[in-house]
Amino acid sequence: MFSFVMNEMPRMFTIRSIVSAINAVRPKGFYFAGEMHNFWEAVYVMEGRAAVSADERVYLLTDGQLIFHKPMEFHRIWSADDTAPHILIISFEADGEKIKAFENKVFCLDMHKEKMLVDIVTDASSIIEMASSGQKYSEQYDYLAHITAIRIEYFLLELLHIDTSEKVLQTPEKSEIYGQIVDIMNEHCCEALSLGQIAALCNMSVSSLKKTFQKFSDKGVMKYFNCLKIRKAVAMLDEGLQIKEISDRLDFSSQNYFHVVFKRETGCSPGDYRNHNTTVQF
C-alpha cells in the first residue's frame, strides 16, 4: 500500500493584524514627538529626508530607505534638511522567530520593492477603513485582509535577501552621545536612580544631560527612564513573572507605586495587561 508523506510547511513569520497604514507628505518643519507600542512598525522615505530615532539610535533617512521599529522601541520622526518628506508607514502584529531578523534594520528598496510597499499600504488603508465603517465581517473584508497579510509576508521574505551589512547610514550631530546615554539608562533600568545619579553615570552635568537628551526625545530624562522600566515590565509580564516579583526586580519602592507608574505610562494596570493581553502604547 502506498504511504503518503506529510511534508511540513514551515512559516518564518505570520502577520496577525494591521494597526495603521499611512501614505502622506509631511511638511517642512514636521516633528512627531514619538511613541512606544507593542507591535511592529515600518517607516519608508519615498522622497525627501527624515530624521528617525529608534531608542538609542538616530538615523538620517533619504529616498528609498526603510527602517523597522521593533515592539516596545521608542521612536520618533521629523523632517530634515528643509525637505517635505513623502513617507509610508505600516504597523502590524507578527509572530514567528524569523521576524526578529528585522530588529534594528534599515533597508534600501529598489523600485520593485517600493511598488510592493505602496500597494501594501494602499490595501491596508482600505482594510482599516472597512473595519471602521462596520464591514469587518464581510466576505470582501476577509478576502482583502488575507491577501494583504500574504503580501506583507512575501515583502518581508524579499527583504531577507537584502544585504545590510555594508550599509553606511548618516546620523545627526551629537546622536552618538544620546545613544550612549540611553545605553547607560537601559543598563541600569532595574535600579532606583535619581536624575543626578544618571548624570553621574553618564559623566555629565545634569544640565548637559537634559540638553543633549531633549534634542532627541520628547520626554524628560526621568520620564524616559520610567518608560524603559515599564517596557521591561511588559516583557516580564509576557514571560509570566508575577507582578510583585517584577516590582521588586525593577526596584520600585512598593508594588502599589509600580501599579501607579505602569497605569500612568500604558493606560492599563499590570493585571489588566496580563489578563486581557491589552495593547499598550506609550
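- Members clustered with M9: none, using a 4.5 Å side-chain heavy-atom cutoff among hydrophobic residues.
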Exercise. Give the intermediate values and the outcome of side chain to side chain contact (heavy atoms under 4.5 Å, CB included) for residues L66 and L159.
Key: CA-CA 10 Å; L66 170 74; L159 294 185; 3.8 Å; yes
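- The environment of M12 atom CE is sparse: at most 12 non-hydrogen atoms of other residues, nucleotides or ligands sit within 6.0 angstrom.
- Summarising the local packing, CD of E245 is surrounded by more than 12 heavy atoms from other residues, nucleotides or ligands at distances under 6.0 Å.
- Salt-bridge formation is detected for the pair R16/D95: a Lys NZ or Arg NE/NH1/NH2 atom is positioned less than 4.0 Å from an Asp or Glu carboxylate oxygen.
- Between R249 and E191, no side-chain nitrogen of the basic residue sits less than 4.0 Å from a carboxylate oxygen of the acidic one, so the salt-bridge criterion is not met.
- Residues forming a salt bridge (charged side-chain N to carboxylate O under 4.0 Å, His left out) with D248 (at least two apart in sequence, or on another chain): K244.
- Taking the six-membered ring for Trp and thresholds of 30 and 60 degrees, F102 and W40 have ring planes more than 60 degrees apart, a perpendicular arrangement.
- With salt bridges taken as basic N to acidic carboxylate O contacts below 4.0 Å, none links K70 and E41.
- With salt bridges taken as basic N to acidic carboxylate O contacts below 4.0 Å, one links E265 and K223.
- Note on ring orientation: taking the six-membered ring where Trp is involved, the planes of F213 and Y224 are perpendicular (angle over 60°, cut-offs 30° and 60°).
- Ring planes of F39 and H37: parallel class, angle under 30° (limits at 30 and 60°).
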